[in-house]
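Worksheet for the structure shown next.
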Amino acid sequence: MAHTIMKSLALTLSVGALGALALDQKPLRTEVVLAHFAEDLGWVSQFIGKPNTDIKIYSKAAELPHIAGVQAMPLPNVGRESHTFLHHIAHNYDKLADWTVFSQAVAPSWGYLIGGSANGHLSDKVSFEDYLQPFPEGRDSKFVMSASSQFPSGAQSTRLGMVKQGLPQESGDFCPKQGADGWTDWWFTPDHPHLRSGDMLEFYHKYISLDENEGEPMTMSFSQGSRFAASRARIQARPRAYYARLLAALSKHMSPQEGYWMEASWYDVLHPESLQYKTDLCALPQVRGIMTLGPYAIDSIRQQLIKSAGADCTDCDAIDVDRRLYGAGDFKIQPKGDEVVLKTAGSAIIAVAEPTKFVADANATVGVQKGISKKAGVSDKDVMVTLSVTTSRRLLGRQLATQKVKVDYIIEYMVSSKEGGKTESDKLLAALKAIGPTALAAEIMTQIDLVSGKPNSYTVTVESFTAPTAISVLKSTGEVVEVKVTVVAPGTSTANDSILQSDISMATFLMVLLAQFLA
C-alpha cells in the first residue's frame, strides 16, 4: 500500500516536471550539496564539469576548502550533516535546482566500517551516479533504505547489502528485492547513537509529523549516512517555515542527538503522505527476538549471509560483521602481553505473561542483560544475551504446553594477567553460583523498569538459572586454557513435572502421559 501511494504521487509529480521540460526544452539541472568537515574532497573532481550538474560544498572546517569549479561556503560546526541540508533548503527554497542530491562529503564507497576510513555508506550495487539522474524510473526522490530502527527501543536491522558485497539477490532498489530476507535479524547495542539521550518519539511528532505523540512505538527505515536526492517539487511539499523550524532545532550544539534522529527521518520529512509511523515502507524481518550485539548476533548474521549467498559464500565466516553494524563498536577483544580474556556462558528459563512480546521488546532484553551483569558483578557491556521463546510440557494432569523465555548469555571480558585471570575466574564462578532465581528476577524487573522508564513493566519469574561449568582463559598468543569446575547454581530447576520440549521426543512424551493416565 505504501509503495502504491508513493509511486502514484511520484508519477504525478514527475509527469508534470517532464511535461514542462518538453515545452521549454531546457535540460534538468542537478545540484549536489555536500556536508563537509574534514573529509578528503579529491573524489569530487570526477564530477566537476559534468553536464547540467553543479556542486556546492558547505564546510564546517576551520579552513574553507578551495576547489576550482566548485562553490564552497562556510557554516558553523553545529547540527551534523542534516543542519547543512536544512540550511541549503531554507536559504534556497525559491531557487532550488530541478534535482538536488544531499550527501556527506566522504568519498562514496561501499558499506560502513567502524574504525576505518571506508565509510562511504553505499549499499551494494549502488553508485553515487545513481543519485545524480533526475527522476529515476519516474520517481521524484531517490532513497536506498539500508538500515531500520525501532523507536523508542533502539533495536536495529541492517540491509545485507551493507554487510557483504556480491549477494546474488541484492539490488540497488528502494528496499531489498528479496523482501524481509534482505535484512539482518534485529540486534541491539546500548551504545547506538539513536539511544544516547532524549526521546525520539517526542522529536518526531513535534518536528517531523507535526502531530500528537501518543507514545506508540514505530519502526523507521532510512538511508544510512543521510544520502538521498529529491526534486524541487518533492522538497517543496513542505513549506519553507517547516525546514526553518527544524534548522533552528539543530543549530544549538555541535553534535546534537537530533542530528542522529534526522538521519532516520529524512524520508518522512520529504514524504508527508507516507509517514512511517502510519505505514511500513519495506518488508522487514519478523521480530522473533532482539539480540544484544555480540557473538550470538554476529554468528546469526553470518548464517544469514551464507543462506543468501549460497554455496559460493566461501568467505562468509571471515566477514568482520561486528565492524559493519552502525554504532556497534569493536567486539573483538584482543589481549596483549600478559592480558587474558575470560569467557563463559550459561542459560536461564523465565516465565512471563506474554513471552513473545517479551522477547520482541528491546527494553526487556537490556533488562535481562543488566540484571545478569549486576548479579554477576561485571559490567553490562561484558554480557551478551539472546532471548527466545521455548515450549515446556507439563505432566501430572496439568497444562500440557506452556511457552517460556529461554535466555542464553555469554560473559566475556579482559583482565591484566594469567594469575589475575585465575583469581578473577574463581570470583566470577562464585558470583554466578550464588545467583538465586528470586533475586535475579527482582533485579531483572528493576532494570527493565529503569530502561523503559515505566514502573511494573513485567512480572518475571526465573524458573531456572544455569551457571557455567567452565571458563575459557584466552591468552595473547591465542592459546586457550580451560579452567574446569563443577557448578550447580541455586534454583536450578529439578522439578520432575517440567520437561523442555527440546529434551523429549513426542513418542516419549505420549508414553509418559499414558503412564500418568493409567496410574
Side-chain angles (χ1 to χ4, degrees), residues 17 21 26-109 119-122 126-136 140-144 223 225-240 242-244 246-248 250-251 254-255 259 262-263 266-267 269-270:
L21 175 61
K26 290 182 179 179
L28 296 177
R29 184 171 65 91
T30 295
E31 184 168 40
V32 179
V33 173
L34 298 178
H36 175 258
F37 175 62
E39 299 88 348
D40 183 353
L41 294 169
W43 66 275
V44 175
S45 61
Q46 62 187 300
F47 299 104
I48 298 174
K50 185 177 176 66
N52 306 311
T53 302
D54 300 319
I55 300 174
K56 181 177 289 187
I57 298 173
Y58 291 94
S59 180
K60 298 178 180 180
E63 184 175 341
L64 192 68
H66 295 282
I67 301 176
V70 175
Q71 182 182 4
M73 299 178 61
L75 281 181
N77 187 17
V78 295
R80 302 182 58 80
E81 75 278 344
S82 287
H83 170 271
T84 298
F85 302 161
L86 291 165
H87 174 93
H88 177 82
I89 293 171
H91 288 78
N92 297 275
Y93 189 82
D94 294 324
K95 53 182 179 179
L96 290 166
D98 300 301
W99 186 256
T100 305
V101 180
F102 298 90
S103 178
Q104 295 179 7
V106 65
S109 61
N119 297 326
H121 295 293
L122 287 174
V126 179
S127 70
F128 189 71
E129 287 84 348
D130 294 337
Y131 292 87
L132 301 179
Q133 178 60 47
F135 299 97
D140 63 348
S141 68
K142 172 69 175 179
F143 281 80
V144 177
S223 179
S226 298
R227 180 179 290 117
F228 57 92
S231 70
R232 180 194 302 113
R234 171 52 64 190
I235 296 171
Q236 291 176 344
R238 302 276 197 182
R240 185 203 299 266
Y242 176 88
Y243 297 103
L246 270 170
L247 178 62
L250 268 69
S251 298
M254 183 173 68
S255 184
M262 277 298 299
E263 178 187 24
W266 270 108
Y267 185 87
V269 167
L270 298 180

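Nothing here was measured: the structure is a model prediction, and the numbers come from that model.
- Closest of all the heavy-atom pairs between Ser226 and Ser82 is OG-OG, 4.5 Å.
- Separation of atoms NE2 (His87) and CG (Leu75) is listed at 4.5 Å; rounding is to 0.5 Å.
- The minimum heavy-atom distance between Ser251 and His83, with the atom names listed, is OG-CD2, 3.4 Å.
- Considering CG of Asp140 and CZ of Arg232, their distance stands at 12.5 Å, rounded to 0.5 Å.
- Pro136 is listed as a side-chain neighbour of Trp99, based on a closest heavy-atom distance under 4.5 Å.
- Here CG of Leu246 is found 5.5 Å from CG of Leu86. Values are rounded to the nearest 0.5 Å.
- Atom CD of residue Gln104 and atom NE2 of residue His36 lie 12.0 Å apart, to the nearest 0.5 angstrom.
- Atom OG1 of Thr84 and atom CG of Asn77 lie 9.0 Å apart (nearest 0.5 Å).
- Not counting sequence neighbours, Phe37 has no partner by the ring pair (Phe, Tyr, Trp, His ring centres under 6.0 Å) test.
- Residues Phe228 and Val269 are not in side-chain contact: their nearest non-hydrogen atoms beyond the backbone lie 4.5 Å or more apart.
- Between the side chain of Gln46 and the backbone N or O of Trp43 there is at least one donor-acceptor pair closer than 3.5 Å.
- In this structure, His121 NE2 and Phe128 CZ are separated by 13.0 Å, a value rounded to the nearest 0.5 Å.
- Here the shortest heavy-atom pairing between Gly259 and Leu250 reads CA-CD2, 4.2 Å.
- A 4.5 Å side-chain heavy-atom check between Trp266 and Phe102 finds every atom pair outside the cut-off.
- Using a 4.5 Å heavy-atom cutoff, the side chains of His91 and Leu247 are in contact.
- Within the 3.5 Å criterion, the main-chain N or O of Ala237 finds no donor-acceptor partner in the side chain of Tyr242.
- Within the 3.5 Å criterion, the main-chain N or O of Leu132 finds a donor-acceptor partner in the side chain of Thr30.
- A heavy-atom distance below 4.5 Å is not found between the side chains of Val101 and Lys142.
- Closest non-hydrogen pair, Arg227 versus Gly120, comes out as NH1-O, 2.8 Å.
- Proximity of Phe135 to Asp98: side-chain heavy atoms (C-beta onward) are nowhere separated by under 4.5 Å.
- Residues Ala105 and Leu34 share a closest heavy-atom pair of CB-CB, 4.3 Å.
- Heavy atoms only, all atoms of each residue included: Pro239 and Tyr93 are closest at CA-OH, 3.5 Å.
- Remark: the backbone N or O of Gly225 is paired with a side-chain donor or acceptor of Glu263 at under 3.5 angstrom.
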Without placing hydrogens or testing angles, list every side-chain donor-acceptor pair under 3.5 Å for residues 48-58, not counting sequence neighbours.
{"residue": "Thr53", "atom": "OG1", "partner": "Pro51", "partner atom": "O", "Å": "3.2"}
{"residue": "Asp54", "atom": "OD2", "partner": "Arg29", "partner atom": "NH1", "Å": "3.2"}
{"residue": "Tyr58", "atom": "OH", "partner": "His88", "partner atom": "ND1", "Å": "2.8"}

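- Every residue was checked against the ring pair (Phe, Tyr, Trp, His ring centres under 6.0 Å) condition with Tyr131, not counting sequence neighbours, and none meets it.
- Arg234 places a side-chain N or O within donor-acceptor distance of the main-chain N or O of Leu270, the cut-off being under 3.5 Å.
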